[in-house]
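Hydrogens, waters and symmetry mates play no part in the numbers below; they use all other heavy atoms, side chains included. Lettering of chains follows the sequences in order, A, B, ..., and the numbering in each one begins at 1. Nothing here was measured: the structure is a model prediction, and the numbers come from that model.
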2 protein chains.
Amino acid sequence: MAQQAQFEELARQLSAFGAVKRDLGRILPSDCPAGSAGVLTLLSRHGDMRMSKLAELLSVDMSVTSRHVTHVAERGWIERAPDPADKRSRILRLTPAGEAKVCELSRRSTELLAERLSDWSDDEVGQLIRLMTRLRASFGDCRTTHSRATPTGATAPVIETTTRTPA
Amino acid sequence: MAQQAQFEELARQLSAFGAVKRDLGRILPSDCPAGSAGVLTLLSRHGDMRMSKLAELLSVDMSVTSRHVTHVAERGWIERAPDPADKRSRILRLTPAGEAKVCELSRRSTELLAERLSDWSDDEVGQLIRLMTRLRASFGDCRTTHSRATPTGATAPVIETTTRTPA
DNA sequence: TATTGTTATACTCTATAACTATA
DNA sequence: TATAGTTATAGAGTATAACAATA
């Protein structure tokens with residue numbers, strides 16, 4: 001358990017961290033804002049999925065996800081195929097053009113980070129990634145569904161507060 | 001120098017980090033959004049300062065700073081005193097009500113972090129703070145003015161790209 | 001009746017540019 | 001002519017709520 005002064009400092013760092021995100025956003029293609037880039041990157045990493053799953057990975061409301069998805073679909077970077085198992089759902093899938101876009105995005109962000117972090121060691125970058133991942137987990141675990149089947153078939157009784165507008 | 005796969009992962013973490021910031025933003029008082037909270041916190045930490053200095057600390061354009069400052073001034077949390085040394089400038093100063101607001105903000109964010117990071121060690125939180133600070137520096141150093149006098153009186157010849165709208 | 005996804009609306013944050021008043 | 005600060009405008013991101021289609 002850390003101390004109060006540390007939490008205040010951490011809150012300050014989180015508040016100021018937007019500047020880094022904005023810098024990273026400035027290198028994006030003009031037709032692919034951050035929201036669209038997030039959609040493409042996650043589809044590339046995790047493969048085809050439904051809207052609800054994507055909204056969960058993005059940690060935003062599904063209404064927001066829907067807009068981002070519409071944007072990238074209009075540009076031909078993804079396809080929305082009907083889900084044979086549930087006619088309400090749609091399966092999102094990267095098109096070849098979308099995959100190309102993902103490569104471009106990856107190249108741009110990697111170049112910027114390689115330039116900015118040229119004096120960072122491999123280990124330091126790894127440490128930061130590890131701690132950021134853990135911080136996200138510490139926040140996300142209290143609202144993301146964790147009702148995944150265990151090896152015994154039991155499910156964790158976690159209250160599910162999805163990324164859904166309360167109806 | 002880190003590897004390409006690490007940079008891709010770091011870019012993903014940065015992209016997803018907005019969720020943590022949003023969680024932190026949800027605990028703010030309804031009359032004090034994140035922009036206002038940033039102004040108050042920085043004034044509390046660094047003491048009285050001018051608009052331009054505040055904009056630099058916030059890493060946003062001065063036009064943005066001006067709006068946030070107007071918001072907190074209208075609520076009586078800061079005062080804008082004329083600068084005797086330069087009639088164009090104004091000195092920003094926290095009022096007692098502003099100091100009280102800072103305490104409330106600090107209390108709220110500290111409580112949330114203490115709850116979410118209850119299983120983090122003191123050292124881990126310190127590590128995260130250190131690495132986030134360094135990452136911000138690695139990004140900010142290429143646009144913040146560093147023309148500070150050295151012990152010998154010389155100044156670093158760094159191109160100054162301030163937080164100013166190009167006129 | 002509950003869930004998946006869409007759309008309309010409103011709010012916050014940001015940058016750009018034009019404007020003022022001083023320097 | 002240049003700088004400090006303000007304001008107007010536009011764009012992106014998000015949440016809430018109402019809605020349609022399906023389970």
Side-chain angles (χ1 to χ4, degrees), chain A residues 15-19 21-26 28-39 49-56 58-71 73-74 80-92 143 145 160-167, chain B residues 15-19 21-26 28-39 49-56 58-71 73-74 80-92 143 145 160-167:
Chain A
S15 165
F17 225 53
K21 277 201 70 178
R22 287 196 295 281
D23 266 10
L24 218 51
R26 271 186 264 276
L28 294 173
S30 61
D31 59 351
C32 186
S36 299
V39 168
M49 68 183 79
R50 305 197 305 179
M51 289 288 311
S52 51
K53 175 67 175 173
L54 181 57
E56 182 187 322
L58 287 171
S59 299
V60 296
D61 191 271
M62 195 153 55
S63 66
V64 176
T65 306
S66 181
R67 283 181 36 146
H68 292 325
V69 163
T70 298
H71 185 269
E74 283 171 346
R80 289 184 277 197
D83 182 346
D86 186 335
K87 288 184 181 175
R88 296 172 301 179
S89 293
R90 300 215 254 179
I91 306 292
L92 309 177
R143 71 162 178 283
T145 173
E160 178 169 353
T161 307
T162 47
T163 56
R164 184 77 181 93
T165 297
Chain B
S15 166
F17 226 51
K21 279 201 68 179
R22 286 195 295 281
D23 266 9
L24 219 50
R26 271 186 264 274
L28 294 174
S30 63
D31 59 350
C32 187
S36 300
V39 168
M49 68 183 78
R50 305 197 305 179
M51 290 287 311
S52 50
K53 175 65 176 175
L54 181 58
E56 183 186 322
L58 287 171
S59 299
V60 296
D61 191 89
M62 194 153 53
S63 67
V64 176
T65 305
S66 181
R67 283 184 34 145
H68 293 325
V69 163
T70 297
H71 185 269
E74 282 171 348
R80 289 184 276 197
D83 183 346
D86 187 336
K87 289 184 180 174
R88 297 172 301 180
S89 292
R90 299 214 254 180
I91 306 291
L92 309 177
R143 71 161 179 283
T145 172
E160 177 169 353
T161 307
T162 48
T163 56
R164 185 78 183 93
T165 297

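Distance A/R90 CZ to C/dG5 P: 9 Å, rounded to the nearest Å. Computed from coordinates, the B/D83 CG to D/dT3 P distance equals 17 Å when rounded to whole Å. Between the P atom of C/dT4 and the CE atom of A/M49 lies a distance of 16 Å, rounded to the nearest Å. If you measure from atom NE2 of A/H71 to atom C1' of C/dT7, you get 17 Å, rounded to the nearest angstrom. Atom CD in A/E56 sits roughly 15 Å away from atom P in C/dT3 (whole-Å rounding). Rounded to an integer number of Å, the gap from A/M62 CE to D/dT16 P is 14 Å. Here C/dT22 presents its C1' atom at 12 Å from CZ of B/R50, a figure rounded to the nearest Å. Taking atom NZ of B/K87 as the reference point, atom P of D/dA2 lies 23 Å away to the nearest angstrom.
Within the 4.5 Å cutoff, the side chain of A/M62 has heavy atoms near those of the A/S52 side chain. Residues A/D86 and A/R50 have side chains in contact (heavy-atom distance under 4.5 Å, counting atoms from C-beta outward).
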What do the steps show when you test A/R80 against A/I91 for side-chain contact (heavy atoms from CB on, under 4.5 Å), and what is the final call?
-> CA-CA 6 Å; A/R80 289 184 277 197; A/I91 306 292; over 6 Å; no

Could you walk me through whether A/V69 and A/R90 pass the side-chain contact (heavy atoms from CB on, under 4.5 Å) test, one step at a time?
-> CA-CA 11 Å; A/V69 163; A/R90 300 215 254 179; over 6 Å; no

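Toward the 5' end of DNA chain C, the nearer of the two residues A/R88 and A/M51, judged by each one's closest nucleotide, is A/R88.
The side chain of B/S89 contributes an N or O atom lying less than 4.0 Å from OP1 or OP2 of D/dG5. The phosphate of D/dT6 has OP1 or OP2 within less than 4.0 Å of a side-chain N or O from B/R80. Between D/dT7 and B/S63, no contact under 4.0 Å exists linking OP1 or OP2 to a side-chain N or O. For B/S52 and D/dG5, the shortest distance from a side-chain N or O to OP1 or OP2 is below 4.0 Å.
The shortest heavy-atom contact between B/A37 and B/L28 is CB-CD2, 4.3 Å. Summarising the geometry of B/H71 relative to B/S36, their closest heavy-atom pair is ND1-OG, 2.8 Å, with the distance given to 0.1 Å.
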Please list, pair by pair, any protein nitrogen or oxygen found under 3.5 Å from a nitrogen or oxygen in nucleotides 11-14 of chain C.
unit_1	atom_1	unit_2	atom_2	d
C/dC13	OP1	B/A34	N	2.8
C/dC13	OP1	B/G35	N	2.7
C/dT14	OP1	A/R22	NH1	3.3
C/dT14	OP2	B/H68	NE2	3.0

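At least one donor-acceptor pair under 3.5 Å links the side chain of A/R22 to the backbone N or O of B/S59.
In this structure, OG on B/S63 lies 9.0 Å from CE on B/M51, to the nearest 0.5 angstrom.
When the options B/T70, B/V64, B/T65 are evaluated for a side chain to side chain contact (heavy atoms under 4.5 Å, CB included) with B/H68, the one that passes is B/V64.
Across the helix from C/dT1-D/dA23 to C/dA23-D/dT1, the helix axis at one end is tilted relative to the axis at the other end by 10° (nearest 10 degrees, each axis from five pairs).
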